[in-house]
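Chain letters run A, B, ... following the sequence lines, proteins first and then strands; every chain starts at 1. Fair warning: this is a prediction, and the values are worked out from it, not measured in the lab.
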2 protein chains.
Amino acid sequence: MLRRGFGGFAYQHIAVQLGIRNAAIHYHFPSKDDLGVALVQRYRGGFHAWVADLPSGWSSWQTLRAYFETYGRYLQGEACRLCPGGALAAEFETLPEPMRHEVRLLMRDIHQWLSDTLETGRREGVLRFQGQPSDKAIELAAALQGGLQTARLIGTQRFYQLLDQLALELTGETPACDAGAMP
Amino acid sequence: MLRRGFGGFAYQHIAVQLGIRNAAIHYHFPSKDDLGVALVQRYRGGFHAWVADLPSGWSSWQTLRAYFETYGRYLQGEACRLCPGGALAAEFETLPEPMRHEVRLLMRDIHQWLSDTLETGRREGVLRFQGQPSDKAIELAAALQGGLQTARLIGTQRFYQLLDQLALELTGETPACDAGAMP
DNA sequence: GTCTATATCCGGATAGAC
DNA sequence: GTCTATCCGGATATAGAC
């Protein structure tokens with residue numbers, strides 16, 4: 001789904017990879033909508049687990065940098081995947097309503113976490129940005145999601161440069177993560 | 001296509017709106033691929049025409065602000081459309097190769113124009129940003145495209161706030177366009 | 001150039017054996 | 001829980017009349 005979108009993948013794709021028949025998938029997920037909803041719920045649960053597992057000693061910038069790296073990971077392998085939010089927001093109009101609801105929840109949680117992290121980071125002096133944290137959060141999320149999509153057109157290297165650019169603006173210095181050197 | 005994506009719209013949708021039959025569309029565009037390629041070419045031509053029509057007296061910030069406003073226009077009406085780049089980059093994997101080529105050209109032209117505009121604006125002192133113009137151009141384009149997609153989830157108001165946020169960072173002051181007051 | 005009618009294919013979904 | 005076989009709807013595409 002992260003490669004082809006919800007409307008772009010078929011039971012057949014899964015069946016071939018698992019070496020089963022698509023009827024077997026229908027046993028676990030009666031309709032494609034059910035499968036879609038379960039996937040988004042899994043993504044959201046994964047995000048919550050990721051946030052919960054962050055080392056408590058990390059600064060806001062360290063956690064934000066780690067979040068950037070999760071996006072870099074979507075490009076690893078020959079897959080060139082999108083982030084869940086980017087794949088699903090783009091085809092939001094054609095999604096069944098139950099999926100739309102889950103996507104809204106996922107996006108809300110990400111924005112909330114980003115906003116909190118940005119606010120804390122600025123208060124502690126490790127992050128710099130103008131405007132409201134909630135607005136900056138939406139800008140960051142949009143840039144990451146749009147950049148990931150564009151990476152498939154113009155090359156992954158450009159996406160790592162985008163990560164560096166975002167880091168440069170947030171910290172005011174050359175990024176410590178050196179995303180440009182990532183694989 | 002800007003609402004449902006290339007894979008998400010059918011000849012039927014067009015036929016109903018035009019009050020014709022889908023066979024009539026096939027007369028003009030034998031295959032859906034042909035229609036898709038023609039659409040992207042039209043978008044690119046429209047962008048070139050838009051750039052060519054910019055008043056020669058405008059500053060870099062005035063033209064950039066006008067570019068932002070074209071994105072705000074995608075949200076007008078009840079359509080809630082995406083920008084061509086955002087709609088097509090998201091489903092790039094499933095696009096036929098001739099369309100991919102056109103999308104790459106469109107994205108390249110937009111990035112090039114943005115980069116040039118940013119560079120000029122900074123040199124003339126009307127725009128402020130860190131890093132290379134080419135990197136900032138990709139960040140801007142990604143934020144606009146991702147933000148437009150996200151607007152359908154969280155409301156158009158948030159997108160206008162994003163435009164304000166981008167303007168604030170580029171000019172260092174409250175945006176003159178007051179995008180937050182747009183319809 | 002547009003119509004009616006139809007061919008063709010694909011993907012989601014179900015029935016029933018095992 | 002997975003299989004084979006089949007149904008069904010939707011979408012691209014074509015043939016031929018007008």
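Residue B:Asp33 contributes atom CG, which lies 12 Å from atom C1' of D:dA13 at whole-angstrom precision. If you take CD1 of B:Ile25 and C1' of C:dG1, they are 13 Å apart, rounded to a whole angstrom. The interatomic distance linking B:Asp34 (CG) with D:dA13 (C1') rounds to 12 Å, in whole Å. One atom, OH of A:Tyr27, and another, C1' of C:dA15, lie 15 Å apart when rounded to the nearest Å.
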Would you tabulate the pairs of protein nitrogen or oxygen atoms and nucleotide nitrogen or oxygen atoms of nucleotides 16-18 of chain D closer than 3.5 angstrom?
none

Polar pairs (N or O, both sides) under 3.5 Å between protein and nucleotides 4-11 of chain D?
from, atom 1, to, atom 2, distance (Å)
D:dT4, OP2, A:Arg21, NE, 2.8

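If you chain together hydrophobic residues whose side chains sit under 4.5 Å apart, A:Leu64 and A:Trp58 fall into the same group.
A salt bridge is absent between A:Arg158 and B:Glu139; no separation between the charged side-chain nitrogens and carboxylate oxygens falls under 4.0 Å. In this structure, B:Glu169 does not pair ionically with A:Arg128, as no charged nitrogen and carboxylate oxygen lie closer than 4.0 Å.
In B:Arg42, the CZ atom is not crowded: 12 or fewer heavy atoms of neighbouring residues, nucleotides or ligands sit closer than 6.0 Å.
Under the side-chain hydrogen bond (donor to acceptor under 3.5 Å, both in side chains) criterion, A:Tyr71 pairs with A:Tyr67, not counting sequence neighbours.
Between A:His26 and the phosphate of D:dT2, there is no side-chain N or O to OP1/OP2 separation shorter than 4.0 Å.
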